[in-house]
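Beneath this line is the structure, given in structure tokens, with notes to follow.
Atoms considered below: every heavy atom in the structure, side chains included; atoms not considered: hydrogens, waters and symmetry mates. Since the structure is predicted, the reported quantities are computational estimates derived from the model, not experimental observations.
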Amino acid sequence: MAVEYKDKKASELVELLKNHKGERQVVILQDYPDPDAISSAMAWRFIAREYDIETDIFYSERISHQENLALINLLNIDITRWEGEPFPEKRYKHAILIDTQGTNTKLADQIEAANIPVLAIIDHH
């Protein structure tokens, strides 16, 4: 049964996801991810799974607060610290930036170098 959305932005998001079904996407967070970014990345992952989209979530520096580490550990969140290796050019079809526009993450240069186009920029607000 198809779900109809009255909200235009929700409908546009559904169409975007449908158009990228089956992809593998890299989700980029700011260098020092906070709970808003982490939970938004997880929300994207859960929604994307409904459209057969695989996601890998990356950040580049460290999880700096104990409560952020507790969030990741207690919920067993699969999130990876980038260790300086270049992203493989063919592994990811698109990048999703969450709570960053690329200015507060070292990974913006990495996805550009790997020719991974940005599909969406999502702010939890």
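Residues Tyr51 and His20 are not in side-chain contact: their nearest non-hydrogen atoms beyond the backbone lie 4.5 Å or more apart. Side chains of Gln110 and Glu112 form no contact here, defined as non-hydrogen atoms less than 4.5 Å apart. Looking at Leu16 and Leu119, their side chains come closer than 4.5 Å, going by heavy atoms from C-beta outward.
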I'd like a table of donor-acceptor pairs (distance under 3.5 Å, sequence neighbours excluded) in which one partner is a side-chain atom from residues 41-50, with atom names and distances.
residue: Trp44; atom: NE1; partner: Gln25; partner atom: OE1; Å: 3.2
residue: Arg45; atom: NE; partner: Thr55; partner atom: OG1; Å: 3.0
residue: Arg45; atom: NH1; partner: Asp78; partner atom: O; Å: 3.0
residue: Arg45; atom: NH2; partner: Thr55; partner atom: O; Å: 3.2
residue: Arg45; atom: NH2; partner: Asp78; partner atom: O; Å: 3.4

With a cut-off of 3.5 Å and sequence neighbours excluded, list every side-chain donor-acceptor pair involving residues 61-73.
residue: Glu61; atom: OE2; partner: Lys106; partner atom: NZ; Å: 2.2
residue: Asn68; atom: ND2; partner: Pro33; partner atom: O; Å: 3.4
residue: Asn73; atom: ND2; partner: Leu69; partner atom: O; Å: 3.2

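To the nearest 0.5 Å, the span separating CG on Asp99 from OG on Ser39 amounts to 8.0 Å. In this structure, CD1 on Ile77 lies 7.5 Å from CD1 on Ile57, to the nearest 0.5 angstrom. Of the inter-residue distances, the one linking Leu17 atom CG with Glu23 atom CD reads 10.0 Å to the nearest 0.5 angstrom.
For the residue pair Ala10 and Asp7, the shortest heavy atom distance occurs at N-OD2, 2.8 Å. Taking each heavy atom of Ile98 and Gln30 in turn, the nearest pair found is O-OE1, 3.9 Å.
In the hydrophobic cluster analysis, where Ile, Leu, Val, Met, Phe, Trp and Tyr join through side-chain heavy atoms closer than 4.5 angstrom, Ile79 is grouped apart from Tyr32.
Note on Arg24 versus Glu54: salt bridge recorded, some NZ/NE/NH1/NH2 to OD/OE distance being below 4.0 Å.
Other cluster members for Leu107: Val26, Ile28, Phe58, Trp82, Phe87, Tyr92, Leu97, Ile111, Ile116, Val118, Ile121, joined by side-chain heavy-atom distances under 4.5 Å among Ile, Leu, Val, Met, Phe, Trp and Tyr.
Remark: side-chain polar atoms of Asn19 are paired, donor with acceptor, to backbone N or O of Glu15 under 3.5 angstrom.
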Let's go through Ile96 and Ile122 carefully: what are the C-alpha distance in whole Å and the side-chain angles of both, what is the deciding distance for side chain to side chain contact (heavy atoms under 4.5 Å, CB included) to 0.1 Å, and is it a yes or a no? CA-CA 7 Å; Ile96 309 298; Ile122 299 171; 3.9 Å; yes

